[in-house]
Amino acid sequence: EIREQAMIAIDEASAVVLVVDGQIGLTSMDQELADFLRKEITRDVPVHVAVNKCESDKTGAVAASEFWSLGLGEPFPVSALHGVGTAELLETMFESIDKKGSA
């Protein structure tokens with residue numbers, strides 16, 4: 001049922017943001033979700049990776065770099081708590097939506 005609800009939300013979405021935990025690092029669940037998104041979704045909807053809990057510019061970039069291996073493009077270091085990196089993520093997301101014409 002959760003997968004069905006997720007697919008309905010994705011079908012209605014202009015873009016998808018996969019939020020991962022930069023402090024914990026790459027997990028098997030992150031890889032499973034990325035595999036699903038890469039195989040099933042990216043041809044229809046732009047997908048972006050937000051690496052949360054990256055408050056520091058230096059350590060955030062290092063933590064985010066690990067998520068390149070997901071194969072979903074550039075991972076964006078962000079901090080939901082402090083608002084760091086969200087503007088860059090939103091700008092890139094808007095550009096991909098505009099380019100795809102899915103807005």
Side-chain angles (χ1 to χ4, degrees):
E1 186 175 306
I2 293 173
R3 181 184 170 106
E4 184 179 320
Q5 290 174 350
M7 290 304 297
I8 291 169
I10 290 169
D11 285 342
E12 296 177 6
S14 296
V16 172
V17 178
L18 174 61
V19 180
V20 296
D21 190 321
Q23 288 182 347
I24 291 176
L26 189 62
T27 66
S28 59
M29 180 59 72
D30 297 334
Q31 292 172 326
E32 288 179 40
L33 287 168
D35 288 344
F36 168 75
L37 291 170
R38 202 173 43 259
K39 292 174 184 172
E40 303 294 329
I41 306 303
T42 56
R43 63 180 172 265
D44 301 319
V45 178
V47 177
H48 302 281
V49 178
V51 184
N52 196 27
K53 299 182 184 175
C54 292
E55 289 79 14
S56 165
D57 286 338
K58 291 180 184 178
T59 59
V62 172
S65 67
E66 178 181 12
F67 293 90
W68 275 102
S69 65
L70 295 177
L72 295 172
E74 179 181 1
F76 290 87
V78 301
S79 171
L81 183 63
H82 298 99
V84 174
T86 55
E88 294 83 358
L89 172 62
L90 289 173
E91 286 175 20
T92 302
M93 193 166 51
F94 175 76
E95 289 170 7
S96 68
I97 291 169
D98 191 45
K99 184 178 182 181
K100 190 102 175 168
S102 58

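Everything numeric in this text was worked out from a predicted model, so none of it was measured.
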Residues passing the side-chain hydrogen bond (donor to acceptor under 3.5 Å, both in side chains) test with Asp30, sequence neighbours excluded, are Thr27
Donor-acceptor contacts, no H, no angles, side chain residues 85-93, under 3.5 Å, sequence neighbours left out:
unit_1	atom_1	unit_2	atom_2	d
Thr86	OG1	Gly83	O	3.1
Thr92	OG1	Glu88	O	3.0

Side-chain donor-acceptor contacts of residues 65-78 below 3.5 Å, not counting sequence neighbours, with atom names and distances?
unit_1	atom_1	unit_2	atom_2	d
Ser65	OG	Val62	O	2.6
Glu66	OE2	Leu26	N	3.3
Ser69	OG	Glu66	O	3.1

Would you say the side chain of Val51 lies within less than 4.5 Å of the side chain of Val20, judging by non-hydrogen atoms?
-> yes
Taking side chain as C-beta onward, heavy atoms only, is Val16 less than 4.5 Å from Leu37?
-> yes
Rounded to the nearest 0.5 Å, what's the gap from OG on Ser28 to CG on Asp35? Could you check?
-> 11.0 Å
Separation between CD1 of Ile24 and NZ of Lys53, rounded to the nearest 0.5 Å = 5.5 Å
Residues pairing under salt bridge (Lys or Arg N to Asp or Glu O under 4.0 Å) where one sits in residues 1-12, two or more places apart or in two chains, turn out to be none
If you group Ile, Leu, Val, Met, Phe, Trp and Tyr by side-chain heavy-atom gaps below 4.5 Å, do Phe36 and Val45 land in one group?
-> yes
Taking only residues two or more places apart in sequence, or in another chain, which ones meet Val84 in a side-chain contact (heavy atoms from CB on, under 4.5 Å)?
-> Ser79, His82
With sequence neighbours excluded, what pairs up with Ser56 under the side-chain contact (heavy atoms from CB on, under 4.5 Å) test?
-> Lys58, Thr59
Would you name the heavy atoms of Pro46 and Ser96 that are closest together and state the gap between them?
-> CB-OG, 3.4 Å
Pick out which of Val47, Val49, Leu18 makes a side-chain contact (heavy atoms from CB on, under 4.5 Å) with Leu33.
-> Leu18
